[in-house]
Amino acid sequence: SNVSFAQKEHTQSWLTNSEGAEAVINDPQFRELKIDVAFALHNLPGYAKHQVILKKDCFASASQGLKLIFDGKTSHASQPDKGNNPQQLITTLLDAFQKKYENLRRDKYHTILTVTHVVIGEETFGVAPGHAEIWMTLRSQNDKSLQNLTESTIALCEFASKEYGLDFSYSIHEAFAATMNSGKETDVVEKSAQELKLSVNKIKEPFPWSEDFGRFGNICPICLFGLGCGLEHEPLHSPRYEFEDEIIDTGVDVFKKIVEIESWKLKIEKITSASNALGIGASSFWSEAEKDIAESPTAEPERPKTIHNS
């Protein structure tokens with residue numbers, strides 16, 4: 001059984017993008033490993049130091065950047081009627097996007113649309129604009145909902161551009177899939193944390209941010225879990241944020257414990273397969289299994305209290 005691990009750190013010289021995981025997955029050397037399961041941790045300010053944060057199914061949202069480009073015709077600022085200025089269309093679309101944002105507040109997948117940048121024309125007083133752009137981030141806990149929002153936004157812009165006689169184009173950037181945690185792998189992380197006597201926090205809502213680790217969910221079961229770095233720790237990407245080195249050993253210990261449990265699971269699978277092939281009875285099989293369990297370093301751990309976050 002091959003297990004892949006990743007530790008996500010945030011420093012001021014490194015920002016998350018959507019290309020890292022895809023590059024790894026497409027690497028021939030990685031493909032040769034034939035990964036069966038993948039685990040990753042993300043340090044999380046605002047949670048108790050060393051606490052393990054878990055959630056089955058969606059742990060982190062899907063998102064992508066959408067750049068909308070509108071081209072008309074410039075003209076002298078004294079003769080705006082000689083050109084085709086996209087200003088009116090941009091104003092109309094921004095109003096429509098704001099209404100869409102408000103309507104999505106009730107969406108069960110927390111699908112949102114956020115305008116991040118708008119430009120109309122050049123920095124000049126003598127020329128009426130002929131070019132405009134709207135940049136936005138689309139986000140959802142569900143990949144299909146994100147796709148639907150993207151398609152409807154593009155369709156609206158295509159229709160409106162024709163009405164105003166403008167050329168329209170678009171491009172998609174930094175696309176992240178939703179990080180969907182496997183139930184079984186999440187249980188493995190919980191068991192690992194409990195055996196290490198770490199606090200476990202089972203959150204109810206996914207995080208709104210995105211992680212490229214979710215891409216690994218297309219090739220194998222995955223689990224991304226959080227590791228608290230302090231209740232009063234500076235937020236991620238804050239100018240004063242510094243990674244909490246103290247939690248590194250904790251993360252390593254969790255990963256090591258995951259390997260122990262995954263190795264034990266593989267051993268059970270081999271014993272089961274062999275017993276079935278040889279026709280060994282169930283009682284004989286479990287007798288051997290119980291003997292191995294007694295010798296296992298993960299046998300009968302003391303269970304600490306599990307926190308359920310509302």
Side-chain angles (χ1 to χ4, degrees), residues 3-18 20-21 24 37-63 110 137 139 141 174 176 178-182 185-217 222-261 301-310:
V3 185
S4 175
F5 295 104
Q7 180 162 325
K8 306 296 289 185
E9 296 183 6
H10 282 261
T11 66
Q12 297 314 110
S13 61
W14 182 88
L15 294 177
T16 306
N17 62 54
S18 61
V24 172
V37 291
F39 298 85
L41 72 82
H42 197 302
N43 69 102
L44 292 178
Y47 291 85
K49 194 179 294 185
H50 307 294
Q51 185 179 77
V52 173
I53 297 91
L54 293 173
K55 187 184 182 303
K56 295 181 180 181
D57 300 321
C58 185
F59 184 85
S61 299
S63 68
H110 297 275
T137 300
R139 194 176 303 273
Q141 296 171 5
E174 300 182 10
F176 291 86
T179 300
M180 303 297 295
N181 281 346
S182 160
E185 275 54 56
T186 304
D187 288 341
V188 168
V189 177
E190 181 178 6
K191 180 176 177 63
S192 299
Q194 290 175 336
E195 295 196 7
L196 292 167
K197 296 180 172 58
L198 299 173
S199 170
V200 175
N201 186 342
K202 293 183 178 181
I203 60 174
K204 293 185 178 180
E205 292 294 330
F207 290 101
W209 38 260
S210 304
E211 272 299 333
D212 62 332
F213 178 75
R215 295 285 180 193
F216 287 95
I222 65 171
C223 179
L224 173 63
F225 61 97
L227 187 58
C229 57
L231 294 171
E232 304 300 327
H233 199 281
E234 282 291 321
L236 299 173
H237 300 299
S238 165
R240 292 178 292 181
Y241 172 85
E242 290 186 8
F243 182 79
E244 180 55 73
D245 292 341
E246 189 178 329
I247 67 173
I248 292 178
D249 288 343
T250 304
V252 172
D253 289 342
V254 175
F255 282 149
K256 288 169 64 178
K257 186 62 67 173
I258 289 172
V259 171
E260 289 181 10
I261 294 174
E302 179 182 349
R303 303 289 184 180
K305 181 180 180 181
T306 296
I307 297 174
H308 294 267
N309 193 29
S310 59

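Note that the structure is predicted; figures quoted are calculated from it, not measured. Positions are given from 1 along the sequence.
- Gln194 is not listed as a side-chain neighbour of Val52, based on a closest heavy-atom distance of 4.5 Å or more.
- By the 4.0 Å N-to-carboxylate-O rule, Glu195 lies close enough to Lys191 to be salt-bridged with it.
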Exercise for the section: Go through the steps for Val188 and Phe39 under the test side chain to side chain contact (heavy atoms under 4.5 Å, CB included), then give the verdict. Expected result: CA-CA 10 Å; Val188 168; Phe39 298 85; 4.3 Å; yes
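- The structure places SG of Cys229 at 11.5 Å from CD of Glu242, a figure rounded to the nearest 0.5 Å.
- Aromatic pair Tyr241/His233: ring centres closer than 6.0 Å.
- For the residue pair Gln141 and Ala178, the shortest heavy atom distance occurs at O-CB, 4.0 Å.
- Taking CZ from Phe176 and CZ from Phe213, the interatomic distance works out to 14.0 Å, rounded to the nearest 0.5 Å.
- With sequence neighbours excluded, the residues satisfying side chain to side chain contact (heavy atoms under 4.5 Å, CB included) with Leu196 are Leu198, Asp253, Val254, Lys257.
- Of all non-hydrogen atoms in Glu234 and Ser238, the two that sit nearest each other are OE1-OG, 2.9 Å.
- Annotation: side chain of Asn43 is in contact with side chain of Leu236 (closest heavy-atom distance under 4.5 Å).
- The aromatic rings of Phe207 and Trp209 lie parallel to each other, their planes meeting at an angle below 30°, with 60° marking the opposite boundary.
- Considering CD1 of Ile222 and CG of Asn181, their distance stands at 6.0 Å, rounded to 0.5 Å.
- Separation of atoms OG1 (Thr179) and CZ (Phe216) is listed at 11.0 Å; rounding is to 0.5 Å.
- Remark: Ile247 CD1 to Leu41 CG distance equals 7.0 Å, nearest 0.5 Å.
- Rounding to the nearest 0.5 Å gives a distance of 9.5 Å between CG of Leu44 and CD of Gln51.
- Counting only residues at least two apart or in different chains, salt bridge (charged side-chain N to carboxylate O under 4.0 Å, His left out) contacts with residues 41-55 comprise Lys49-Glu244, Lys49-Glu246.
- Annotation: ring pair (Phe, Tyr, Trp, His ring centres under 6.0 Å) contacts of His50 (sequence neighbours excluded): none.
- In this structure, Ser210 contributes its side chain and Ser61 its backbone to a donor-acceptor pair below 3.5 Å.
- Contact between Ile258 and Val189 at its shortest, heavy atoms only, is CD1-CG2, 4.0 Å.
- By the 4.5 Å heavy-atom criterion applied to side chains, Ile53 and Leu227 are not counted as neighbours.
- Two residues are said to be in side-chain contact when any heavy atoms from C-beta on lie closer than 4.5 Å; His110 and Pro208 fail this criterion.
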